[in-house]
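Step one of this worksheet: look at the structure below.
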Amino acid sequence: MSIELSRRLILTGAAGATLAGATRAVAAKKEEAFPPEALHLDHALLGPDDGIALLARNENPYGPSESALRMVEYAGKKGAYYPGQANITLAEMIAERHGVDPKQIVITTGSGEALSAIAVLYGPKGPIVAPRLFWDTTALYAARLGMAEIQRVPLTEDMGVDLAGIEAAVTGGTGLVQLCNPNNPTGLVSDSKTFKAAVKRMAAKTTVLVDEAYMELADDPDGNTCIDLIKKGDDVIVSRTFSKIYGMAGLRVGYTISSEETAEKIRGTAMSWIAGTGLAAAIGAYNDHAFLDFSKSKIIEARQTIMDKTASLGMETLPSQTNFVYFKSGKPANEVQKVMENEKIIVRGQYMDYTDWTRVSMGKLEDVERFCNFLPEAAGV
Ligand SMILES: Cc1ncc(COP(=O)(O)O)c(C=O)c1O
(Lines give C-alpha, C1' and ligand atoms only; values in the text may rest on other atoms or scores of the structure.)
Protein backbone atom coordinates (compact mmCIF):
# COMPACT_ATOMS: atom_id res chain seq x y z
CA MET A 1 0.00 0.00 0.00
CA SER A 2 1.44 3.42 -0.97
CA ILE A 3 2.11 6.02 1.70
CA GLU A 4 -0.39 8.30 -0.01
CA LEU A 5 -3.10 5.59 0.04
CA SER A 6 -2.46 4.81 3.69
CA ARG A 7 -2.68 8.52 4.55
CA ARG A 8 -6.01 8.78 2.73
CA LEU A 9 -7.37 5.68 4.49
CA ILE A 10 -6.38 7.04 7.88
CA LEU A 11 -7.94 10.39 7.12
CA THR A 12 -11.18 8.78 6.00
CA GLY A 13 -11.24 6.31 8.86
CA ALA A 14 -11.13 3.48 6.39
CA ALA A 15 -7.89 2.18 7.85
CA GLY A 16 -9.68 1.34 11.10
CA ALA A 17 -12.35 -0.46 9.15
CA THR A 18 -9.76 -2.36 7.14
CA LEU A 19 -7.86 -3.34 10.28
CA ALA A 20 -11.01 -4.51 11.98
CA GLY A 21 -11.80 -6.55 8.89
CA ALA A 22 -8.35 -8.09 8.94
CA THR A 23 -8.68 -8.96 12.64
CA ARG A 24 -12.02 -10.58 11.96
CA ALA A 25 -10.51 -12.59 9.13
CA VAL A 26 -7.71 -13.84 11.41
CA ALA A 27 -10.22 -14.71 14.12
CA ALA A 28 -12.38 -16.58 11.62
CA LYS A 29 -9.36 -18.45 10.31
CA LYS A 30 -8.33 -19.36 13.83
CA GLU A 31 -11.82 -20.60 14.55
CA GLU A 32 -11.81 -22.72 11.43
CA ALA A 33 -8.52 -24.23 12.53
CA PHE A 34 -9.56 -24.67 16.12
CA PRO A 35 -9.08 -28.17 17.48
CA PRO A 36 -10.51 -30.73 17.79
CA GLU A 37 -11.92 -30.36 14.21
CA ALA A 38 -8.55 -29.17 12.89
CA LEU A 39 -6.94 -32.37 14.12
CA HIS A 40 -9.16 -34.37 11.76
CA LEU A 41 -9.41 -37.22 14.23
CA ASP A 42 -11.71 -40.13 13.55
CA HIS A 43 -12.72 -40.20 17.21
CA ALA A 44 -13.72 -37.67 19.85
CA LEU A 45 -10.78 -35.87 21.43
CA LEU A 46 -12.43 -35.95 24.85
CA GLY A 47 -15.44 -37.91 26.02
CA PRO A 48 -17.21 -40.68 24.13
CA ASP A 49 -17.63 -40.74 20.35
CA ASP A 50 -21.08 -39.92 19.02
CA GLY A 51 -23.43 -42.85 19.41
CA ILE A 52 -21.42 -44.53 22.15
CA ALA A 53 -23.13 -45.24 25.48
CA LEU A 54 -20.13 -45.04 27.80
CA LEU A 55 -21.20 -46.88 30.96
CA ALA A 56 -17.89 -48.28 32.18
CA ARG A 57 -15.96 -45.68 34.15
CA ASN A 58 -18.36 -44.28 36.71
CA GLU A 59 -18.31 -40.82 35.17
CA ASN A 60 -21.20 -38.44 35.55
CA PRO A 61 -22.28 -36.99 32.20
CA TYR A 62 -24.46 -34.35 33.86
CA GLY A 63 -21.41 -32.35 34.86
CA PRO A 64 -19.60 -30.09 34.93
CA SER A 65 -22.09 -27.56 36.27
CA GLU A 66 -22.44 -24.11 34.72
CA SER A 67 -20.82 -22.77 37.88
CA ALA A 68 -17.75 -24.89 37.16
CA LEU A 69 -17.64 -24.08 33.45
CA ARG A 70 -17.64 -20.33 34.04
CA MET A 71 -14.65 -20.76 36.31
CA VAL A 72 -12.84 -22.95 33.77
CA GLU A 73 -13.11 -20.09 31.26
CA TYR A 74 -11.74 -17.64 33.81
CA ALA A 75 -8.93 -20.01 34.79
CA GLY A 76 -7.95 -20.62 31.19
CA LYS A 77 -7.30 -16.91 30.76
CA LYS A 78 -5.04 -16.96 33.82
CA GLY A 79 -3.20 -20.01 32.55
CA ALA A 80 0.14 -18.20 32.52
CA TYR A 81 0.32 -18.34 36.29
CA TYR A 82 0.88 -21.13 38.82
CA PRO A 83 -2.39 -21.49 40.69
CA GLY A 84 -1.23 -21.31 44.32
CA GLN A 85 -3.98 -19.18 45.84
CA ALA A 86 -6.81 -21.21 44.30
CA ASN A 87 -5.51 -24.28 46.12
CA ILE A 88 -5.70 -22.43 49.43
CA THR A 89 -9.17 -21.07 48.71
CA LEU A 90 -10.54 -24.51 47.82
CA ALA A 91 -8.96 -26.04 50.93
CA GLU A 92 -10.61 -23.34 53.04
CA MET A 93 -14.01 -24.03 51.50
CA ILE A 94 -13.70 -27.78 52.09
CA ALA A 95 -12.44 -27.26 55.62
CA GLU A 96 -15.31 -24.94 56.42
CA ARG A 97 -17.95 -27.44 55.33
CA HIS A 98 -16.44 -30.23 57.38
CA GLY A 99 -15.42 -28.20 60.42
CA VAL A 100 -11.69 -28.93 60.16
CA ASP A 101 -8.59 -26.79 59.70
CA PRO A 102 -7.55 -26.03 56.07
CA LYS A 103 -4.15 -27.51 56.92
CA GLN A 104 -5.90 -30.88 57.23
CA ILE A 105 -6.89 -30.79 53.55
CA VAL A 106 -4.64 -31.94 50.73
CA ILE A 107 -5.90 -31.21 47.23
CA THR A 108 -4.57 -33.41 44.45
CA THR A 109 -4.95 -34.18 40.76
CA GLY A 110 -7.98 -36.38 41.25
CA SER A 111 -8.23 -38.34 44.48
CA GLY A 112 -6.19 -40.99 42.66
CA GLU A 113 -3.04 -38.97 43.15
CA ALA A 114 -3.57 -38.72 46.90
CA LEU A 115 -4.40 -42.42 47.09
CA SER A 116 -1.22 -43.30 45.20
CA ALA A 117 0.81 -41.07 47.50
CA ILE A 118 -0.75 -42.78 50.52
CA ALA A 119 -0.01 -46.27 49.13
CA VAL A 120 3.61 -45.27 48.55
CA LEU A 121 3.85 -43.71 52.02
CA TYR A 122 2.37 -46.57 54.00
CA GLY A 123 3.04 -49.59 51.78
CA PRO A 124 6.69 -49.94 52.80
CA LYS A 125 5.64 -50.22 56.49
CA GLY A 126 3.68 -53.41 55.91
CA PRO A 127 0.81 -54.95 53.96
CA ILE A 128 -2.15 -52.88 52.79
CA VAL A 129 -5.08 -54.79 54.27
CA ALA A 130 -8.21 -54.40 52.17
CA PRO A 131 -11.39 -56.21 51.11
CA ARG A 132 -10.95 -58.63 48.25
CA LEU A 133 -12.88 -56.29 45.95
CA PHE A 134 -12.14 -52.59 46.29
CA TRP A 135 -10.82 -49.80 44.06
CA ASP A 136 -7.31 -51.19 44.06
CA THR A 137 -5.69 -49.14 41.27
CA THR A 138 -3.52 -47.04 43.58
CA ALA A 139 -2.49 -49.88 45.90
CA LEU A 140 -1.49 -51.79 42.76
CA TYR A 141 0.54 -48.78 41.67
CA ALA A 142 2.61 -48.99 44.85
CA ALA A 143 2.77 -52.78 44.49
CA ARG A 144 4.17 -52.42 40.96
CA LEU A 145 6.89 -50.18 42.37
CA GLY A 146 7.72 -52.89 44.90
CA MET A 147 6.51 -50.57 47.66
CA ALA A 148 3.42 -52.41 48.82
CA GLU A 149 1.83 -55.78 49.18
CA ILE A 150 -1.96 -56.05 49.19
CA GLN A 151 -3.51 -58.42 51.70
CA ARG A 152 -7.04 -59.11 50.49
CA VAL A 153 -9.73 -60.28 52.88
CA PRO A 154 -12.64 -62.23 51.31
CA LEU A 155 -16.03 -60.52 51.11
CA THR A 156 -18.95 -61.69 53.18
CA GLU A 157 -21.43 -64.03 51.53
CA ASP A 158 -23.63 -61.11 50.53
CA MET A 159 -20.65 -59.36 48.86
CA GLY A 160 -20.21 -56.90 51.73
CA VAL A 161 -16.91 -55.82 53.28
CA ASP A 162 -16.01 -58.32 56.01
CA LEU A 163 -15.07 -55.83 58.71
CA ALA A 164 -14.51 -58.51 61.34
CA GLY A 165 -12.23 -60.39 58.94
CA ILE A 166 -10.29 -57.25 58.10
CA GLU A 167 -9.96 -56.32 61.75
CA ALA A 168 -8.67 -59.80 62.53
CA ALA A 169 -6.04 -59.39 59.80
CA VAL A 170 -4.68 -56.14 61.24
CA THR A 171 -1.52 -56.44 63.33
CA GLY A 172 1.12 -54.02 64.56
CA GLY A 173 2.94 -54.72 61.30
CA THR A 174 0.09 -53.62 59.04
CA GLY A 175 1.06 -50.71 56.80
CA LEU A 176 -2.44 -49.44 56.06
CA VAL A 177 -6.04 -50.53 56.08
CA GLN A 178 -7.77 -49.41 52.89
CA LEU A 179 -11.53 -49.38 52.70
CA CYS A 180 -13.84 -47.94 50.12
CA ASN A 181 -17.26 -46.85 51.37
CA PRO A 182 -19.49 -47.12 49.40
CA ASN A 183 -17.39 -49.85 47.86
CA ASN A 184 -16.42 -50.12 44.20
CA PRO A 185 -17.39 -52.26 42.27
CA THR A 186 -20.14 -53.54 44.57
CA GLY A 187 -21.78 -50.15 45.21
CA LEU A 188 -22.60 -51.24 48.76
CA VAL A 189 -22.44 -49.01 51.84
CA SER A 190 -21.47 -50.73 55.08
CA ASP A 191 -23.70 -50.33 58.12
CA SER A 192 -22.54 -47.00 59.52
CA LYS A 193 -22.37 -47.92 63.22
CA THR A 194 -20.50 -51.17 62.64
CA PHE A 195 -18.22 -49.58 60.08
CA LYS A 196 -17.20 -46.60 62.19
CA ALA A 197 -16.68 -48.69 65.31
CA ALA A 198 -14.40 -51.08 63.37
CA VAL A 199 -12.50 -48.21 61.74
CA LYS A 200 -11.98 -46.62 65.15
CA ARG A 201 -10.61 -49.83 66.67
CA MET A 202 -8.32 -50.49 63.70
CA ALA A 203 -7.08 -46.88 63.71
CA ALA A 204 -5.75 -47.48 67.20
CA LYS A 205 -3.35 -49.98 65.62
CA THR A 206 -2.60 -48.53 62.17
CA THR A 207 -3.65 -45.82 59.73
CA VAL A 208 -7.03 -46.41 58.12
CA LEU A 209 -7.79 -44.93 54.72
CA VAL A 210 -11.45 -44.61 53.82
CA ASP A 211 -12.00 -43.85 50.15
CA GLU A 212 -15.31 -41.95 50.01
CA ALA A 213 -15.28 -41.21 46.28
CA TYR A 214 -19.01 -42.00 46.03
CA MET A 215 -20.15 -40.91 49.49
CA GLU A 216 -22.14 -37.88 48.28
CA LEU A 217 -24.30 -40.32 46.30
CA ALA A 218 -25.14 -42.45 49.33
CA ASP A 219 -28.51 -42.16 51.07
CA ASP A 220 -26.99 -40.67 54.22
CA PRO A 221 -23.56 -39.19 53.50
CA ASP A 222 -23.31 -37.36 56.83
CA GLY A 223 -24.23 -40.44 58.83
CA ASN A 224 -21.80 -42.69 56.95
CA THR A 225 -18.71 -40.56 56.56
CA CYS A 226 -15.66 -41.19 58.73
CA ILE A 227 -14.68 -37.51 58.79
CA ASP A 228 -16.02 -37.24 62.35
CA LEU A 229 -13.44 -39.83 63.47
CA ILE A 230 -10.65 -37.60 62.14
CA LYS A 231 -12.07 -34.73 64.17
CA LYS A 232 -11.91 -36.93 67.26
CA GLY A 233 -8.20 -37.54 66.62
CA ASP A 234 -8.37 -41.08 65.20
CA ASP A 235 -5.66 -42.08 62.71
CA VAL A 236 -8.00 -41.99 59.72
CA ILE A 237 -7.66 -40.49 56.24
CA VAL A 238 -10.77 -39.82 54.16
CA SER A 239 -10.49 -39.20 50.42
CA ARG A 240 -13.10 -37.53 48.26
CA THR A 241 -13.30 -36.49 44.63
CA PHE A 242 -14.88 -34.01 42.23
CA SER A 243 -15.00 -36.75 39.59
CA LYS A 244 -18.30 -38.31 40.61
CA ILE A 245 -21.24 -36.26 41.91
CA TYR A 246 -19.64 -33.07 40.54
CA GLY A 247 -19.20 -34.62 37.09
CA MET A 248 -15.65 -33.33 36.73
CA ALA A 249 -13.62 -36.49 36.10
CA GLY A 250 -11.71 -34.82 33.27
CA LEU A 251 -10.86 -31.76 35.33
CA ARG A 252 -8.96 -33.89 37.85
CA VAL A 253 -9.57 -32.68 41.40
CA GLY A 254 -9.71 -34.72 44.57
CA TYR A 255 -8.72 -34.26 48.18
CA THR A 256 -8.00 -35.90 51.49
CA ILE A 257 -8.95 -34.97 55.02
CA SER A 258 -6.71 -36.21 57.82
CA SER A 259 -4.69 -34.91 60.76
CA GLU A 260 -2.40 -31.98 59.94
CA GLU A 261 0.63 -34.21 60.42
CA THR A 262 -0.62 -36.85 57.99
CA ALA A 263 -1.69 -34.14 55.53
CA GLU A 264 1.85 -32.80 55.55
CA LYS A 265 3.17 -36.26 54.66
CA ILE A 266 0.67 -36.75 51.82
CA ARG A 267 1.40 -33.25 50.48
CA GLY A 268 5.09 -34.06 50.50
CA THR A 269 4.58 -37.28 48.57
CA ALA A 270 2.05 -36.16 45.94
CA MET A 271 3.75 -35.74 42.59
CA SER A 272 2.06 -32.92 40.74
CA TRP A 273 0.70 -29.42 40.98
CA ILE A 274 -2.95 -29.40 40.23
CA ALA A 275 -4.17 -27.40 37.20
CA GLY A 276 -5.77 -24.00 37.77
CA THR A 277 -8.70 -24.97 35.55
CA GLY A 278 -9.59 -27.87 37.85
CA LEU A 279 -9.13 -25.87 41.02
CA ALA A 280 -11.22 -22.99 39.73
CA ALA A 281 -13.95 -25.35 38.55
CA ALA A 282 -14.02 -27.06 41.94
CA ILE A 283 -14.31 -23.69 43.69
CA GLY A 284 -17.16 -22.73 41.36
CA ALA A 285 -19.07 -25.97 41.87
CA TYR A 286 -18.30 -26.87 45.48
CA ASN A 287 -21.32 -25.17 47.02
CA ASP A 288 -23.60 -25.34 43.98
CA HIS A 289 -26.26 -27.28 45.84
CA ALA A 290 -28.85 -26.91 43.09
CA PHE A 291 -26.50 -28.73 40.70
CA LEU A 292 -25.58 -31.36 43.27
CA ASP A 293 -29.24 -32.13 43.95
CA PHE A 294 -29.93 -32.32 40.21
CA SER A 295 -26.93 -34.56 39.62
CA LYS A 296 -27.86 -36.94 42.42
CA SER A 297 -31.50 -37.14 41.36
CA LYS A 298 -30.53 -38.00 37.77
CA ILE A 299 -28.12 -40.69 38.95
CA ILE A 300 -30.71 -42.19 41.27
CA GLU A 301 -33.29 -42.20 38.47
CA ALA A 302 -30.88 -44.05 36.15
CA ARG A 303 -29.89 -46.44 38.94
CA GLN A 304 -33.52 -47.30 39.62
CA THR A 305 -34.15 -47.88 35.92
CA ILE A 306 -31.31 -50.39 35.79
CA MET A 307 -32.19 -52.08 39.08
CA ASP A 308 -35.81 -52.47 37.97
CA LYS A 309 -34.62 -54.05 34.74
CA THR A 310 -32.18 -56.50 36.31
CA ALA A 311 -34.80 -57.41 38.93
CA SER A 312 -37.38 -58.03 36.22
CA LEU A 313 -34.91 -60.40 34.56
CA GLY A 314 -34.38 -62.19 37.87
CA MET A 315 -30.71 -61.18 38.10
CA GLU A 316 -29.16 -60.83 41.53
CA THR A 317 -28.38 -57.12 41.93
CA LEU A 318 -26.58 -55.40 44.77
CA PRO A 319 -28.41 -52.39 46.25
CA SER A 320 -26.11 -49.67 45.00
CA GLN A 321 -25.65 -46.31 46.69
CA THR A 322 -23.32 -45.06 43.96
CA ASN A 323 -23.44 -44.21 40.26
CA PHE A 324 -22.92 -47.83 39.18
CA VAL A 325 -24.70 -51.12 39.63
CA TYR A 326 -23.08 -54.56 40.10
CA PHE A 327 -25.29 -57.43 39.06
CA LYS A 328 -25.04 -61.09 38.23
CA SER A 329 -26.10 -61.56 34.64
CA GLY A 330 -25.48 -65.30 34.69
CA LYS A 331 -23.20 -64.96 31.66
CA PRO A 332 -19.43 -64.30 31.73
CA ALA A 333 -18.92 -60.55 32.23
CA ASN A 334 -16.30 -60.39 29.49
CA GLU A 335 -18.76 -61.90 27.03
CA VAL A 336 -21.49 -59.49 28.06
CA GLN A 337 -18.97 -56.68 27.62
CA LYS A 338 -18.07 -57.84 24.12
CA VAL A 339 -21.63 -58.28 22.90
CA MET A 340 -22.56 -54.88 24.36
CA GLU A 341 -19.55 -53.28 22.69
CA ASN A 342 -20.79 -54.47 19.31
CA GLU A 343 -23.90 -52.39 20.04
CA LYS A 344 -21.73 -49.41 21.05
CA ILE A 345 -22.59 -49.87 24.71
CA ILE A 346 -19.49 -49.94 26.90
CA VAL A 347 -19.65 -51.69 30.29
CA ARG A 348 -16.99 -53.12 32.60
CA GLY A 349 -15.57 -56.58 32.13
CA GLN A 350 -14.86 -59.20 34.78
CA TYR A 351 -13.31 -58.41 38.17
CA MET A 352 -10.99 -61.09 39.55
CA ASP A 353 -12.87 -64.39 39.60
CA TYR A 354 -16.33 -62.80 39.87
CA THR A 355 -16.99 -64.31 36.48
CA ASP A 356 -20.60 -63.48 35.80
CA TRP A 357 -20.91 -60.15 37.61
CA THR A 358 -21.15 -57.05 35.43
CA ARG A 359 -20.69 -53.46 36.54
CA VAL A 360 -22.58 -50.80 34.66
CA SER A 361 -22.20 -47.07 35.31
CA MET A 362 -24.95 -44.48 35.22
CA GLY A 363 -24.76 -42.46 32.04
CA LYS A 364 -27.42 -40.27 30.51
CA LEU A 365 -30.89 -41.75 30.83
CA GLU A 366 -31.16 -42.48 27.11
CA ASP A 367 -27.89 -44.47 27.28
CA VAL A 368 -29.06 -46.37 30.33
CA GLU A 369 -32.28 -47.19 28.51
CA ARG A 370 -30.29 -48.51 25.55
CA PHE A 371 -28.38 -50.72 27.97
CA CYS A 372 -31.61 -51.96 29.55
CA ASN A 373 -33.22 -52.71 26.19
CA PHE A 374 -30.23 -54.71 25.02
CA LEU A 375 -29.50 -56.51 28.29
CA PRO A 376 -31.80 -59.54 27.75
CA GLU A 377 -30.14 -60.27 24.42
CA ALA A 378 -26.61 -59.67 25.78
CA ALA A 379 -27.24 -61.97 28.73
CA GLY A 380 -29.13 -64.49 26.62
CA VAL A 381 -32.28 -64.45 28.76
C1 LIG B 1 -13.47 -45.69 44.65
C2 LIG B 1 -12.68 -44.77 43.80
N3 LIG B 1 -11.77 -44.00 44.38
C4 LIG B 1 -11.04 -43.14 43.66
C5 LIG B 1 -11.18 -43.05 42.31
C6 LIG B 1 -10.29 -42.10 41.56
O7 LIG B 1 -10.98 -41.04 41.06
P8 LIG B 1 -10.31 -39.65 40.76
O9 LIG B 1 -8.83 -39.83 40.66
O10 LIG B 1 -10.92 -39.23 39.48
O11 LIG B 1 -10.68 -38.76 41.91
C12 LIG B 1 -12.12 -43.85 41.65
C13 LIG B 1 -12.29 -43.76 40.18
O14 LIG B 1 -13.15 -44.31 39.58
C15 LIG B 1 -12.90 -44.73 42.42
O16 LIG B 1 -13.81 -45.53 41.87
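Side-chain atoms are counted along with the backbone in the values below, which use heavy atoms only and exclude waters and symmetry mates. None of the values given here were measured: they were computed from a predicted structure. Both ligands and their constituent atoms are indexed starting at 1 by order of listing.
Side-chain heavy-atom separations under 4.5 angstrom define the hydrophobic clusters, and the remaining members of the one that includes L140 are F134, I150. The hydrophobic cluster around L121 extends to V106, L115, I118, Y122, I128, W135, L176, L209, I237, I266, counting ILVMFWY residues whose side-chain heavy atoms fall within less than 4.5 Å of a member.
Taking the ring axis of Y351 as reference, the NZ or CZ atom of R359 does not stay both within 45° of it and closer than 6.0 Å to the ring centre.
The aromatic rings of H98 and Y255 sit tilted relative to each other, their planes meeting at an angle between 30° and 60°.
With rounding to the nearest 0.5 angstrom, the CG atom of D356 is 10.5 Å from the CD atom of E335.
Every residue meeting the ring pair (Phe, Tyr, Trp, His ring centres under 6.0 Å) condition with Y62, not counting sequence neighbours, appears here in chain and number order: F294.
Contacts of ligand 1 (protein heavy-atom distance under 4.0 Å) are G110, S111, G112, L115, W135, C180, N184, D211, A213, Y214, T241, S243, K244, R252.
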